[in-house]
J.: 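Below is one structure. I have some questions about it.
Since the model is a prediction, treat every value here as computed from it, not as a measurement.
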Amino acid sequence: MRNYRNAFLFALVGNLALLAVLGGLWWRGKPHPKTEAAMQPPSTESAQSPLNGAESAAMAPHEASLVPVQLSQERLQSIGVRTGRVESRTVEDEIHVTGNVAIDETRLSTVQVRYSGYIQKVFADATYQHLRKGQPLFTIYSPDLVATEREYLVAKQNQQRVAQSRVPGVTEGAASLLEAAAERLKQWGVPQREIARLESTGAIQQELQVDSPVSGYITERNALPNLTVQPETRLYSVADLSTVWVLAEVFQNDLGRIKVGDRASLTVDSYPGRVFEGRVNFIYPQVDMMTRTARARLVFSNPGLKLTPGMFVNVALKVPMGKQLVIPATGVLQSGTRQIVFVSRGDGYIEPREVQLGSRAGDDFIVLKGVKAGEEIATSANFLIDSESQLQAALGTFVPPPPGAGAAGPMNAPQAKAELTTEPDPPRKGGNTFRVKLTDASGAPIAGAEVSVTFSMPAMPAMGMAAMRTQVPLTEKSNGLYEGPGKLDSGGTWQVTILAKKNGQVVASKQLSVNATGGM
């Protein structure tokens with residue numbers, strides 16, 4: 001018994017030791033909280049540090065920088081700059097669609113008779129024959145009609161016989177029979193002239209002439225000689241084409257822009273220069289799944305019957321858009337992700353400005369943000385102005401416009417004149433001496449100014465050349481003459497900006513180009 005107890009204790013101690021060893025191994029293999037935090041990737045908050053944000057911004061695609069530019073009047077004329085005005089006015093857009101002319105169903109009539117019979121003679125015997133109201137169509141023989149006319153004559157004779165009768169109710173009964181027979185003839189559509197003839201002659205007419213109830217064109221004809229006719233037989237369909245429908249196919253993207261009552265104009269190749277005016281009458285509540293278009297029903301008057309059913313036409317739907325701020329569409333430069341306009345502030349100062357555009361209205365764009373009414377924008381040579389603005393932004397040669405440039409630009413703009421001369425003339429690659437003669441509007445020299453001349457040349461990637469820029473400060477000599485040495489790193493065409501300031505104000509600013517000798 002003691003041996004069993006010893007064996008049990010030994011086994012228990014061994015199991016406890018084994019569990020302790022396994023627990024230690026597990027604890028050593030478990031990651032420490034600090035170590036785990038160090039191994040985890042940086043959180044979103046830490047990734048959005050200023051440095052990472054700058055790197056992200058640098059890697060993201062961006063548009064080229066633009067700065068305002070100042071161009072001389074000669075430069076503006078040479079590149080063909082024209083301007084347009086920002087206006088606030090009532091505008092409307094046009095949606096151009098195609099359609100087909102159809103018969104106005106509200107002006108479509110059917111010719112039928114209200115009794116059975118047999119057609120004898122047919123006068124209107126061709127489809128699309130024009131009919132006038134009251135024009136004879138055909139004659140018909142109807143046994144029922146003949147019997148009713150006979151009843152009418154008998155009732156009339158009976159009335160005349162008992163007219164002097166003193167028996168109560170006899171006279172009233174005869175009059176009632178005559179009235180019932182006459183009413184039956186009217187309900188069958190017998191013309192009043194036939195009833196008058198029947199009364200005057202007292203003779204039954206075997207053939208009754210049926211006249212057209214409306215004016216128009218025969219679009220369907222079933223009336224034939226010797227044809228047996230029932231009340232449900234449709235003998236003619238007559239369409240009044242003085243007004244027609246046009247079924248226009250409108251893309252579903254434009255359905256929300258049109259409504260019933262909007263104006264529309266129509267042109268057709270058969271009549272060049274002719275424009276028909278109409279209105280939207282109905283918009284069908286169904287879109288064709290193949291063409292993604294819905295039908296709009298338009299109503300047009302048809303003077304001279306120029307529009308015939310089935311004709312293919314071009315339609316312009318007028319979409320009123322109310323009073324909006326608009327700019328000429330030619331004045332917008334689409335740069336990819338931005339819409340840019342170049343605002344003219346007077347005296348050759350042109351400012352690039354980003355705008356937010358709405359929908360297009362004819363030759364204009366509705367502008368939602370960026371400009372105001374009365375401002376002028378460039379409407380031509382936008383690409384050349386954009387290139388000049390990008391070049392000056394890249395080279396840092398932008399000269400800010402003086403205060404008040406705009407409506408009062410000619411009054412406040414610099415009036416001084418700056419003339420550049422070089423030694424040697426023309427300048428060369430390497431060292432040169434640059435002189436600027438500064439005079440006011442009356443020709444008097446201007447002294448005490450700060451004058452600098454900046455030479456810039458754009459990069460030429462095809463030739464492996466980077467952009468070059470040289471700024472030469474000039475010192476005053478005498479009588480408005482400023483002079484200074486400078487070095488040009490290359491021959492070729494240089495863009496030159498002369499800037500003169502006095503008392504912190506720009507008194508002269510000029511841009512020109514010079515050709516330097518000496519090769520690249």
Side-chain angles (χ1 to χ4, degrees), residues 67-79 81 344-351 388-389 391-392 395-457 468-518:
V67 296
V69 296
Q70 182 187 19
L71 303 176
S72 64
Q73 294 298 324
E74 294 79 6
R75 178 67 170 164
L76 293 174
Q77 293 178 2
S78 65
I79 64 177
V81 175
S344 175
R345 300 179 60 190
D347 198 38
Y349 290 100
I350 299 178
E351 174 190 349
E388 183 73 18
S389 179
L391 175 62
Q392 292 198 19
L395 300 179
T397 60
F398 162 62
V399 179
M411 181 183 301
N412 298 327
Q415 299 296 323
K417 297 181 180 179
E419 299 296 333
L420 174 68
T421 58
T422 64
E423 185 180 339
D425 185 14
R428 65 189 176 188
K429 178 180 180 180
N432 297 271
T433 299
F434 302 104
R435 300 185 181 91
V436 171
K437 182 68 174 180
L438 194 62
T439 57
D440 59 17
S442 63
I446 298 177
E450 300 176 4
V451 182
S452 64
V453 181
T454 302
F455 293 81
S456 59
M457 182 177 292
M468 292 179 286
R469 181 174 181 272
T470 299
Q471 186 172 16
V472 181
L474 306 183
T475 57
E476 184 177 2
K477 296 301 181 181
S478 62
N479 295 326
L481 181 64
Y482 298 82
E483 180 180 308
K487 180 181 178 182
L488 298 181
D489 296 329
S490 173
T493 302
W494 290 83
Q495 301 296 325
V496 183
T497 300
I498 304 174
L499 178 63
K501 294 183 179 181
K502 186 173 183 180
N503 298 326
Q505 298 292 328
V506 177
V507 296
S509 176
K510 185 176 182 180
Q511 292 181 333
L512 67 155
S513 60
V514 297
N515 292 320
T517 61

J.: Distance from Leu420 atom CG to Leu474 atom CG, nearest 0.5 Å?
T.: 8.5 Å
J.: Can you name the closest pair of heavy atoms from Gly348 and Leu76 and give their distance?
T.: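 In this case the closest contact between Gly348 and Leu76 is CA-CD1, 4.0 Å.
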J.: Side-chain contact, heavy-atom cut-off 4.5 Å: Lys487 with Thr470?
T.: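 Lys487 vs Thr470: side chains apart.
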J.: Roughly how far, to the nearest 0.5 Å, is the OH atom of Tyr349 from the OG atom of Ser344?
T.: 12.0 Å
J.: Among pairs that include at least one residue of residues 503-518, which meet salt bridge (Lys or Arg N to Asp or Glu O under 4.0 Å), considering only residues two or more places apart or in two chains?
T.: Glu419-Lys510
J.: I want to check something: taking the side chain as every heavy atom from C-beta on, are Thr454 and Leu499 in contact at a cut-off of under 4.5 Å?
T.: no
J.: Between Pro485 and Val472, what is the shortest heavy-atom contact and its length?
T.: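 That closest heavy-atom pairing would be O-CG1, 3.2 Å.
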J.: Restricting to non-hydrogen atoms, name the atom on Ser452 and the atom on Gln471 that form the minimum distance, rounded to 0.1 Å.
T.: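 Minimum heavy-atom contact is OG-NE2, 3.8 Å.
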J.: Looking at NZ of Lys417 and CD1 of Ile446, how far apart are the two atoms once the value is rounded to the nearest 0.5 Å?
T.: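 If we round to the nearest 0.5 Å, Lys417:NZ and Ile446:CD1 are 11.0 Å apart.
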J.: Kindly give the heavy-atom pair with the smallest separation between Ser490 and Ala516, and that separation in Å.
T.: O-CB, 4.1 Å
J.: Decide yes or no for Asn515 and Pro426: does some side-chain heavy atom of the first lie under 4.5 Å from some side-chain heavy atom of the second?
T.: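 No, side chains not in contact.
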J.: Holding to ring-ring contact (aromatic ring centres under 6.0 Å, His included), I want the full list of residues that pass it with Phe434, two or more places apart in sequence or in another chain.
T.: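 Phe455.
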J.: On a heavy-atom basis, which atom in Pro427 and which in Asn432 lie closest, and how many Å separate them?
T.: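 Where Pro427 meets Asn432 most closely, the heavy atoms are CA-OD1, 3.4 Å.
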J.: Can you spot which of Val507, Val506, Val451 makes a side chain to side chain contact (heavy atoms under 4.5 Å, CB included) with Lys501?
T.: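 Among Val507, Val506, Val451, the one meeting side chain to side chain contact (heavy atoms under 4.5 Å, CB included) with Lys501 is Val506.
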J.: Please list all pairs passing the salt bridge (Lys or Arg N to Asp or Glu O under 4.0 Å) test where one or both residues lie in residues 425-436, with sequence neighbours left out.
T.: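 Sorted result for residues 425-436: Glu423-Arg435, Arg435-Glu483.
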J.: Is the count of non-hydrogen atoms from other residues, nucleotides or ligands lying under 6.0 Å from Glu476 atom CD greater than 12?
T.: yes
J.: How close do Gly448 and Lys502 get, heavy atom to heavy atom, and via which atoms?
T.: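 In this case the closest contact between Gly448 and Lys502 is O-CG, 3.9 Å.
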